[in-house]
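Just below is one structure, and these are the notes that go with it.
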There are 2 protein chains.
Amino acid sequence: MLPLLDGGPVERSDAARNREALLAAAEELVHERCGVQGVTMDAVAARAGVGKGTVYRRFESREGLMAALLNRSETAWQQSVLSGPPPLGPGAPPLERLLAFGHSRMETNLLHGDLIQAAGQSGSRAYAAVSFVAMHVRYLLTELGVRGDVPILATALLAPLEIVILQQQTHIEQVPLERIRRGWDDLVRRVVSVDVVAP
Amino acid sequence: MLPLLDGGPVERSDAARNREALLAAAEELVHERCGVQGVTMDAVAARAGVGKGTVYRRFESREGLMAALLNRSETAWQQSVLSGPPPLGPGAPPLERLLAFGHSRMETNLLHGDLIQAAGQSGSRAYAAVSFVAMHVRYLLTELGVRGDVPILATALLAPLEIVILQQQTHIEQVPLERIRRGWDDLVRRVVSVDVVAP
DNA sequence: ATAGAAAGCGGACTGCGGTCCGTTTAGCCT
DNA sequence: AGGCTAAACGGACCGCAGTCCGCTTTCTAT
């Protein structure tokens, strides 16, 4: 029982195989059925060639499965933030990085909208990427010399990028994406400039 | 078929009676079962003494029913914003009103958290109160002489008050309510002061 | 008052998320 | 190798949201 990166006792080989099979099956079905809705747990289990109980043993719930799917595609994005080319990656001045970060996050969220929604609590708020995102914004705000309650300000800047807000604006209020983006840039500059201008 | 406040053809008397009975039954069950979850559509129908089909005819879906419940309790709150005592109601300077508004909204959202979640899209974003809230913040920002894209800024100020954000902060990150409140006040002042200080 | 039509009603029925528990299998230790 | 144990497996089963369609009630026009 050598602990591997903490995850407790090692996963048994059949369990690992099934996890992969299930994730692959889920991805296939999402592409096949052209969307997340309509992908049933029974279908995923059948496609992976396992029983339904196995799906729930591995992923706890439908939301859990969706969150796992989400985490897969988030990893690449996180890499480009941590070590990709500027201005998203390191190298650019903090304000530019923050703005690039916001734009990129906005696009990503919109792109995976359905998946994020299907992942529910486990997805839009508690999945691993959230703490990463919050951490990064806090870091950039600190770099910018922002005074005040940085964690709370970071949350405030991230909130308008949440999928529920974005979908309300784009789908229901028909606000053009470009305008939302400019609006966020403006918000950031307002929040940041208070300290930068008067240090 | 005299139209009454637009709603199309008038509602038949039995339909109106059943709507009331269903809302009352739902309210009772929410109190009885100490929460929104666990209140099933079958139970609501049974308590109201009607068939399940009737519930869906009147409220479209579970979310719709919850949204209707929500609207009931929102009405009183809207009144206190429109014509209650200051600083929430009219009479106080705009900044004070805006801050009072945020605090009150925060409390309301937290109080009805479960209901808002159960109302889903129909609840957290599309129910009547949302446009009211957005409208009011836009109005106050205009009064404050804020330049820029006021509708987008209003959305940005409201986003951190959304239930998903608030619950993440209070339930998961264990942030004290007082700190969230101060953080929002700070956000508002930063957003607003840019124009107020330099007009 | 009455008849016709539209709206409303009800409850059996379906599909899916989630659970349960008897059976199987992998990994370890002798 | 062989057996022992904990983990994993599978699919029958359950509860609830949502649908469907034949029956009933209300309203209106005569």
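What you are looking at is a predicted structure, and each value in this text was computed from that prediction instead of being measured. So you know, we letter chains A, B, ... as the sequences are listed, proteins then strands, and number each from 1.
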**Study point:** DNA chain D contacts made by residues 21-29 of chain A, counting heavy atoms under 4.0 Å
**Key:** none

**Study point:** ring pair (Phe, Tyr, Trp, His ring centres under 6.0 Å) involving Phe101(A) - partner list, sequence neighbours excluded
**Key:** Trp77(A), His136(A)

**Study point:** Residues which pass ring pair (Phe, Tyr, Trp, His ring centres under 6.0 Å) with Trp184(A), listed by chain and number, not counting sequence neighbours
**Key:** none

Review point. Going 5' to 3' along nucleotides 3-16 of chain D, which nucleotides have protein heavy atoms under 4.0 Å from the base (write B), which only from the sugar-phosphate (write S), and which from neither (write -)?
Key: ---BBBBBB----S

Study note, to complete from the structure: By side chain to side chain contact (heavy atoms under 4.5 Å, CB included), Ala92(A) pairs with (sequence neighbours left out) Pro86(A), Pro87(A), Glu96(A), Arg97(A)

Review point. With sequence neighbours excluded, what pairs up with Glu178(B) under the side chain to side chain contact (heavy atoms under 4.5 Å, CB included) test?
Key: Arg181(B), Arg182(B)

Review point. Roughly how far, to the nearest 0.5 Å, is CG of Leu166(B) from NE2 of His171(B)?
Key: 9.5 Å

Quickly work out the [X] [atom1] to [N] [atom2] distance and round it to whole Å.
| X | N | atom1 | atom2 | value |
| --- | --- | --- | --- | --- |
| Phe59(B) | dG18(D) | CZ | P | 14 Å |
| Arg19(B) | dA7(C) | CZ | C1' | 14 Å |
| Glu60(A) | dG17(C) | CD | C1' | 13 Å |
| Leu65(A) | dC16(C) | CG | P | 16 Å |
| Arg33(A) | dG15(C) | CZ | C1' | 13 Å |

Check your understanding: Listed by chain and number, what are the side chain to side chain donor-acceptor pair (under 3.5 Å) partners of Arg138(A), not counting sequence neighbours?
Key -> none

Study note, to complete from the structure: Applying side chain to side chain donor-acceptor pair (under 3.5 Å) to Arg33(A) and not counting sequence neighbours gives none

Check your understanding: Between dG27(C) and Ser13(A), is there an OP1 or OP2 to side-chain N/O distance shorter than 4.0 Å?
Key -> yes

When the side chains of residues 20-29 of chain B are checked against the rest of the protein, which donor-acceptor pairs come out under 3.5 Å, sequence neighbours left out?
residue, atom, partner, partner atom, Å
Glu20(B), OE1, Arg72(B), NH2, 2.7
Glu28(B), OE1, Arg47(B), NH1, 2.5

